[in-house]
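Protein chains get the first letters and strands the later ones, always in sequence-line order, with residue 1 at the start of each. What you are looking at is a predicted structure, and each value in this text was computed from that prediction instead of being measured.
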Amino acid sequence: MSVGEALAAFNAAHDGAGGVVSFLGKVRPEGGVKALELSHYEPLTLPGMQDLAEQARERFDLAGVLAWHRIGVMKPGEAIVLVATAARHRRNAFEAADFLMDHLKSAAWLWKRERRDDGWHWIEPRDQDHEDLARWN
Amino acid sequence: MSVGEALAAFNAAHDGAGGVVSFLGKVRPEGGVKALELSHYEPLTLPGMQDLAEQARERFDLAGVLAWHRIGVMKPGEAIVLVATAARHRRNAFEAADFLMDHLKSAAWLWKRERRDDGWHWIEPRDQDHEDLARWN
Amino acid sequence: MSVTILFLGPLRDLAGEQEREVAAPLDWKGLLEAVGPEIAEQLGEERVNVACKGKVLADKRTLHAEDGDEVALLPPVSGG
Amino acid sequence: MSVTILFLGPLRDLAGEQEREVAAPLDWKGLLEAVGPEIAEQLGEERVNVACKGKVLADKRTLHAEDGDEVALLPPVSGG
């Protein structure tokens with residue numbers, strides 16, 4: 001299922017919601033990055049994402065949540081992550097998508113490395129990512 | 001062009017952006033609303049939306065902006081408005097989409113009325129909409 | 001030798017029509033007379049704007065429409 | 001009679017392998033010995049977590065893995 005098909009299905013499934021917000025994150029073709037690899041630990045990663053989606057649903061009174069994260073090797077321009085939120089009011093849908101992304105960036109069981117000309121480098125969240133996450137506490 | 005096709009084309013056009021945010025606003029099937037009618041004054045509405053998109057592009061350093069607003073009569077569940085923003089960093093893309101929607105809701109040259117059982121009623125922005133708009137000043 | 005007055009949004013209901021042709025030239029005083037007391041009262045409110053030839057007037061009281069011009073009466077907006 | 005230790009993310013590079021079988025049972029002291037000094041140092045850091053049987057330990061020093069259990073070493077994460 002493509003990103004477009006997933007969003008179309010999500011929209012169709014939430015006809016009654018006034019607003020649907022989506023975020024699509026892609027590998028940026030810059031800084032000499034040739035590829036990105038995301039790895040996970042399935043026994044934790046999947047339940048963790050399900051729990052995160054459920055938290056978002058309750059906290060922002062959502063009609064629906066979609067949270068996808070790819071694993072494996074991705075090339076510049078390719079999709080890494082897709083979230084979508086459906087809510088009665090737009091502010092809730094916006095905040096929930098923001099909340100999901102802040103958590104997926106620096107509080108989900110995923111590990112990211114970049115391949116540059118001189119090989120692979122593990123990436124840790126930036127200070128900005130930690131600050132973004134702290135907004136929700 | 002459908003909402004899905006528009007978003008797919010927007011994504012494809014902004015391969016280099018790290019993040020793409022979209023907002024889709026639909027007629028809510030509640031409160032006895034049978035239909036919504038949006039009217040515009042083209043000599044002001046279209047240049048106003050173009051100016052708004054350009055403001056968002058500069059303010060949030062966007063790689064791209066999409067802003068669609070339908071006019072005419074719409075039924076519950078149908079799309080009214082679609083915005084999409086592409087940026088290097090996700091926070092900018094989120095804020096720009098939020099900014100666009102707050103302005104389209106209460107500062108664009110559009111007039112909305114609802115048809116309920118007892119006929120048509122003109123809608124003015126809620127206090128919340130005015131407060132949302134004021135955040136950007 | 002006429003000016004077209006356009007009634008947008010709820011003003012269309014008050015006017016009972018979408019547009020009206022009136023004699024040119026048309027200034028603020030002439031506009032208030034042309035639209036009748038109910039719409040004139042609305043025009044007195046700060047949040048109701050007036051556009052002439054597709055441009056919103058910074059001060060609607062400076063209206064000066066000539067033959068062929070379109071004057072649009074713009075009540076408070078709501079989109080999305 | 002063995003426990004599987006999984007090295008996630010950058011710990012995989014430090015370990016030079018993705019997983020290692022060690023003798024059961026395995027406690028915190030046994031883990032530090034089994035992984036070698038470099039990874040033991042990482043495990044001493046607060047931000048490195050340990051999971052046993054698919055559950056993150058609230059206090060990794062209470063580790064008690066038995067035959068057939070999987071112990072995952074979890075360095076700081078980064079997604080998206």
Side-chain angles (χ1 to χ4, degrees), chain A residues 2-31 33 36 63 75-102 104-106 126 128-129 131-132 135, chain B residues 2-31 33 36 63 75-102 104-106 126 128-129 131-132 135:
Chain A
S2 71
V3 165
E5 287 166 345
L7 284 180
F10 186 79
N11 283 336
H14 300 290
D15 247 10
V20 175
V21 167
S22 74
F23 177 83
L24 173 65
K26 294 185 282 193
V27 184
R28 284 202 302 264
E30 60 182 51
V33 175
L36 210 63
K75 290 283 163 65
E78 282 186 45
I80 312 170
V81 59
L82 175 67
V83 305
T85 56
R88 192 167 180 281
H89 294 295
R90 73 183 184 286
R91 172 97 324 108
N92 280 7
F94 271 119
E95 288 190 356
D98 207 6
F99 170 92
L100 287 166
M101 280 309 306
D102 283 349
L104 287 173
K105 270 280 176 182
S106 45
R126 301 168 300 156
Q128 180 65 51
D129 292 319
E131 285 164 27
D132 287 346
R135 296 182 303 150
Chain B
S2 71
V3 165
E5 288 166 344
L7 285 180
F10 187 78
N11 284 336
H14 300 289
D15 248 11
V20 175
V21 168
S22 74
F23 177 84
L24 173 65
K26 294 185 281 192
V27 184
R28 284 203 303 263
E30 60 182 49
V33 175
L36 210 64
K75 291 283 164 63
E78 281 187 44
I80 312 169
V81 59
L82 176 67
V83 304
T85 55
R88 192 167 180 282
H89 293 296
R90 73 183 184 286
R91 172 99 322 109
N92 280 7
F94 271 119
E95 289 191 354
D98 208 5
F99 170 93
L100 288 167
M101 281 309 307
D102 283 348
L104 288 172
K105 270 279 176 182
S106 46
R126 302 167 301 156
Q128 181 65 51
D129 292 319
E131 285 164 27
D132 287 346
R135 296 181 304 150

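To the nearest 0.5 Å, the span separating CD on B:Glu78 from CG on A:Asp15 amounts to 9.5 Å. Considering CG of B:Asp102 and CZ of A:Phe94, their distance stands at 7.5 Å, rounded to 0.5 Å. A distance of 10.0 Å separates CZ of B:Arg91 from CE of A:Met101, quoted to the nearest 0.5 Å.
Looking at A:Val3, only its side chain comes within 4.5 Å of chain B, counting heavy atoms on both sides. Of the atoms belonging to A:Leu7, it is side-chain heavy atoms, and not backbone ones, that fall under 4.5 Å from chain B. Using a 4.5 Å cut-off between heavy atoms, A:Glu5 makes no contact with chain B at all.
Distance alone, capped at 3.5 Å, places no donor-acceptor pair between the B:Lys26 side chain and the A:Val20 backbone. Between the A:Arg90 side chain and the B:Gly25 main chain, no donor and acceptor come within less than 3.5 Å of each other.
Highest contact tally toward chain B, considering only A:Leu24, A:Leu82, A:Val81, A:Val27, is held by A:Leu24 [criterion: heavy-atom pairs under 4.5 Å]. Between chain B and the options A:Ala8, A:Ala97, A:Ser22, the largest number of non-hydrogen pairs under 4.5 Å is found for A:Ser22. Interface remark: of the candidates B:Ala86, B:Gly4, B:Ala12, B:Pro29, B:Pro29 forms the most heavy-atom pairs closer than 4.5 Å to chain A. Note on A:Gly18, A:Gly77, A:Pro76: by heavy-atom pairs under 4.5 Å with chain B, the leading option is A:Gly18.
At least one side-chain heavy atom of A:Arg88 sits under 4.5 Å from a side-chain heavy atom of B:Glu30.
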